[in-house]
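Note that the structure is predicted; figures quoted are calculated from it, not measured.
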Amino acid sequence: MHYDLLIRGGTCVTPWGAEIADIGVREGRIVAIGAPIGATAEVRIDAAGLHVLPGLIDSHVHLRDPGDPGVETIETGTRAAVLGGIATLFDMPNTDPPIADIESLAWKRDYVAGRSWCDIGLYVAGVKTNIDALAALERQLGVCAVKVFAGSSTTSLMIEDDAHLERAMRSGHRRMAFHSEDEYRLQARKPLFSRGQPHRTHMEWRDEECAFLGTRRLMALARKTGRATHILHVSTAEELEYLRDYRDIATVEVLVNHLTQVAPDCYDRLGGFGVMNPPIRGERHRAAAWAAVQDGTVDTIGSDHAPHARAAKARPWPDCPAGLTGVQTLVPLMLDHVAAGRLTLSRLVDLMAAGPARVYGLLGKGRIAAGYDADFTLVDLKARRTIQESWIVSPCGWTPFAGSAVTGWPMATIVRGQPVMREDAVLGSPRGGLARFSA
């Protein structure tokens, strides 16, 4: 038996459990789990001592392209992704200009070809001026979801009032993704704070009620319209408890930041390099996020990779922009949480492979099974490394996790049967394409 790629001797994390098995790949798809002993292949990878995961997915990434190439591009951001063990990512639409109409979406699809190291799904922005077009936009090739900013994280890309939010929910049928903060509360509280206050002021301004109120409003509209929703970067204990009563209509994302960092320490140590939306919060909220991971409330985990120039992040509050890098560090940090016993490796795979595939209707990815895309993330659960900024390839050049010692490291990333990263080296040329989604 001859294959294009043969992965030998790894512990494969499949939907039915973990087992040592050989995997045979032809034409970019898995054709055998348990290849014959005498099988041959064009490319062989010895995975003995490694765990073979389905290609991991970061479903919340801002690649800033089009935008500022000095901060990030499709090429650099996806290079960072595969170095970090990510085989597929979903790119947010708040670029400059934004991806909010058929023309900009068509341009972005063409632009990805030959630039991306991994496969990509594209969000389109829901704004007040394109509501009537959302039903058609969400069915376009490569689109993972419509993204709506219900609070002012991103300038003009916002739908803050219930009337327009309801109209948006009634335009189309696929699951809609939301940044959930209440814009009216944000603006009412803004005069309470002043320039130059400590960076921890960020979490006081964008407080728990700001997020919880936004989520309550969205759930009322989701129930009214029957529209499936995905609440992104849920950050409060109150939201997580509340959303348990909406599992028929809502799915939940938690970020690695809200599982790993805690306020006010992160602001005291990092200053502007700890500022993001919604904010990093106190230990009570981090503990609630972990409880929600463990009881199944959380469906996906992402990085919300949102780079800015180092000089911009070094500004006083509130002049420092919100957003942190993360696509390259997501997998090492989550593997370290596995090593610490906070979740199992199977649960990590559920949250970063099967979960995104289920929530977004991603086709052919998310599990190791015959007929699926041959996407794999090979990890060494015992490797001990320290995250260093010299490893970060995004042009902005920084990470809030610099100096963090982790146990567990991605050793190889394979996209549709093509090894694109092995042992911290990117291989070949960009061959990523558009991910496929059910309409």
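Residue-environment remark: CZ (R284) exceeds the threshold of 12 foreign heavy atoms within 6.0 Å.
Salt-bridge annotation for D248 and R223: present, with a side-chain N of the basic residue lying under 4.0 Å from a carboxylate O of the acidic one.
A donor-acceptor pair is defined here as one N or O able to donate and one able to accept, closer than 3.5 Å; no such pair exists between the side chain of R139 and the backbone of R174.
Taking the six-membered ring where the residue is Trp, Y360 and F90 present perpendicular rings, their angle passing 60° and hence far from 30°.
Remark: the T236 side chain and the H285 side chain contain no N/O donor-acceptor pair separated by less than 3.5 Å. Between the side chains of H60 and T300, no donor-acceptor pair of N or O atoms lies under 3.5 Å. For the residue pair N277 and H202, a side-chain donor N or O sits within less than 3.5 Å of a side-chain acceptor on the partner.
Annotation: side chain to side chain donor-acceptor pair (under 3.5 Å) contacts involving residues 402-417, sequence neighbours excluded, comprise D119-R416, W409-D424. For residues 10-32, the salt bridge (Lys or Arg N to Asp or Glu O under 4.0 Å) pairs, not counting sequence neighbours, are R8-D22, R29-D373.
Taking the side chain as every heavy atom from C-beta outward, T297 and V254 never approach each other to under 4.5 Å. Taking 4.5 Å as the limit, some side-chain heavy atom of M219 sits within range of a side-chain heavy atom of T229.
Evaluation of the side-chain contact (heavy atoms from CB on, under 4.5 Å) rule for A41 yields Y3, L6, R44 as partners, not counting sequence neighbours.
In terms of heavy atoms, H308 sits closest to W398 at O-NE1, 2.8 Å.
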